[in-house]
Trainee: 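One structure, as structure tokens, below. Some questions next.
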Amino acid sequence: MPMGHTATQQAGSGGLKATEHRLANGLRVVLSEDHLTPVAAVCLWYDVGSRHEVKGRTGLAHLFEHLMFQGSAQVTGNGHFELVQGAGGSLNGTTSFERTNYFETMPAHQVELALWLEADRMGSLLTALDEESLENQRDVVKNERRQRYDNVPYGTAFEKLVSMAYPEGHPYHHTPIGSMADLDAASLEDAREFFRTYYAPNNAVLSIVGDIDPEQTLAWIEKYFGSIPSHDGKRPPRDGTLPEVIGGQLREVVEEEVPARALMAAYRLPHDGTREADAADLALTVLGGGESSRLHNRLVRRDRTAVAAGFGLLRLSGAPSLGWLDVKTSGGVEVPAIETAVDEELARFAEEGPTPQEMERAQAQIEREWLDRLATVGGRADELCRYAVLFGDPQLALTAVERVLDITAEEVRAVAAARLRPDNRAVLVYEPVQGAEDAADTAETDAEGEAAQ
């Protein structure tokens with residue numbers, strides 16, 4: 001048999017289970033039965049993201065994500081969208097620093113169609129990739145950059161902070177959207193070489209979750225994916241190691257047409273997959289995760305110096321994660337007043353740590369978010385792929401919350417004291433200029449990934 005079973009069924013949290021298999025060409029397969037509703041999700045993660053790009057060719061991973069919807073050998077033009085949506089399904093793809101994923105949620109009886117479509121473009125996209133399709137999608141991505149980044153208030157804030165927190169030459173120095181100049185420079189041969197290098201079965205994980213027959217599903221996977229050859233030319237990503245702290249405060253003042261002054265900051269935090277990262281997640285949840293958080297209570301409710309105050313975590317496995325602070329000021333309040341209050345709250349938290357009530361609330365919030373992801377077939381399929389690609393074990397997705405619930409208040413205090421410091425942050429200060437009163441509403445920056453349209 002060309003397909004080997006590399007793991008047996010294992011019980012996960014809440015009774016969820018997943019089985020793991022591997023084809024002879026290296027494709028890893030994860031299945032999770034769920035007969036609650038007659039739907040199923042097909043999710044395919046390729047181990048390639050913007051961290052694999054080189055200087056002068058940023059944005060290539062995201063550009064190629066769009067090219068994957070441009071047609072393959074047997075599915076021309078917009079056919080992938082038309083076939084999935086015509087069968088009652090939904091689909092998309094996203095690119096991040098560390099992976100590119102593609103996913104369909106289908107009526108259960110249409111799973112074979114989604115598998116055939118994904119296999120066709122994995123195995124035959126090069127036969128359809130030409131200058132016309134490259135130019136078409138290059139323009140789409142450039143327009144996406146204009147609409148979501150360059151021409152909206154605060155649109156380039158995340159890009160600026162990332163470039164400050166990760167120094168020049170670091171694989172995470174640039175965001176997945178890429179630069180206009182590099183998008184213009186990408187050639188057809190660049191795209192073809194990118195596909196040959198990274199879009200191989202031995203560089204991918206395929207998960208299918210939902211109302212499936214495992215034996216039949218495995219037979220379809222072998223039928224459609226089994227003959228696609230593996231490729232051994234992948235270059236490993238460059239080392240993302242950095243000191244735990246930046247070693248000083250990096251700062252930039254941005255004068256733009258924005259609706260209000262803003263204080264934004266990025267802190268280097270522990271790598272994903274560690275206890276310290278889970279502790280940091282809890283710390284940021286207590287400090288800035290919603291309307292019950294310390295920063296919201298201090299700045300929005302008590303002082304009334306801000307209209308919004310939040311703290312979030314961008315988890316990264318190949319480099320330090322990023323803590324993202326975002327405060328929009330109220331009325332004529334100056335940023336120094338906001339920054340002083342933020343530093344007071346961070347210092348107090350580093351000294352005292354979270355209260356028992358705050359720990360309980362933060363752990364419950366993270367647990368609810370985890371349950372929400374695993375409750376849908378698409379969310380669970382994505383999580384299984386994530387843990388398989390980034391950490392080598394999809395089963396970790398089913399027990400992730402147990403590790404968060406095991407974190408102590410002292411661990412949360414300790415990571416805050418070590419990392420949430422003025423000498424470990426990149427700071428952006430936004431100052432409105434003439435015409436700001438007519439600026440559009442703030443657009444939310446998507447740090448997880450760039451979605452295909």
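Along the sequence shown, the residues carry numbers beginning at 1. Being a predicted model, the structure only gives us computed values, none of them experimental.
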Trainee: Can you confirm whether more than 12 heavy atoms, excluding those of Glu252, are under 6.0 Å from its CD atom?
Mentor: yes

Trainee: For Arg268 versus Pro167, what's the shortest heavy-atom pair and its separation?
Mentor: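 Here Arg268 and Pro167 meet closest at NH2-CD, 4.0 Å.
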
Trainee: Could you walk me through whether Arg138 and Glu131 pass salt bridge (charged side-chain N to carboxylate O under 4.0 Å, His left out), step by step?
Mentor: CA-CA 10 Å; Arg138 191 202 312 270; Glu131 287 286 357; 5.1 Å; no

Trainee: Looking only at non-hydrogen atoms, find the nearest pair between Leu161 and Met264 and report the distance.
Mentor: CD1-CB, 4.0 Å

Trainee: I'd like to check Asp182 versus Glu53 (side-chain heavy atoms, cut-off strictly below 4.5 Å). Are they in contact?
Mentor: no

Trainee: Verify the distance criterion only: is there a donor paired with an acceptor across the side chains of Glu20 and Gln395 at less than 3.5 Å?
Mentor: yes

Trainee: Any donor-acceptor pair under 3.5 Å linking the side chain of Asn202 with the backbone of His231?
Mentor: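 Answer holds: yes.
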
Trainee: Between Trp324 and Phe158, is the ring centre distance below 6.0 Å?
Mentor: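 Between Phe158 and Trp324, which both carry aromatic rings, the centre distance is below 6.0 Å.
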
Trainee: Just checking, any donor-acceptor pair under 3.5 angstrom between side chains of Thr399 and Arg403?
Mentor: yes

Trainee: Looking only at heavy atoms, which two atoms of Val415 and Pro270 are closest? And how far apart?
Mentor: CG2-CG, 3.9 Å

Trainee: Please list, chain by chain and in numerical order, all residues satisfying ring-ring contact (aromatic ring centres under 6.0 Å, His included) with His170, sequence neighbours excluded.
Mentor: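 For His170 the ring-ring contact (aromatic ring centres under 6.0 Å, His included) partners, ignoring immediate neighbours, are Tyr166, Tyr172.
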
Trainee: Under the criterion ring-ring contact (aromatic ring centres under 6.0 Å, His included), I'd like the reasoning laid out for Tyr46 against Phe195: C-alpha separation, chi angles, the key distance, then a yes or no.
Mentor: CA-CA 11 Å; Tyr46 290 93; Phe195 180 86; 8.2 Å; no

Trainee: Could you go through Arg192 and Asp130, starting from their C-alpha distance and side-chain angles, then the distance that decides it, and tell me whether this counts as salt bridge (charged side-chain N to carboxylate O under 4.0 Å, His left out)?
Mentor: CA-CA 9 Å; Arg192 287 173 172 165; Asp130 56 21; over 6 Å; no

Trainee: Salt-bridge test for Glu98 and Arg315: reply yes if a basic N is under 4.0 Å from a carboxylate O, no otherwise.
Mentor: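 No salt bridge links Glu98 with Arg315.
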
Trainee: Are Arg386 and Glu383 close enough for a salt bridge, meaning some N to O gap below 4.0 Å?
Mentor: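 Result for this pair is yes, salt bridge flagged.
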
Trainee: Using modelled atom types only, decide if a donor and an acceptor are shared between the side chain of Thr100 and the backbone of Val48 within a distance under 3.5 Å.
Mentor: yes

Trainee: Can a salt bridge be assigned to the pair Asp47 and Arg99 using a cut-off of 4.0 Å between side-chain N and carboxylate O?
Mentor: no

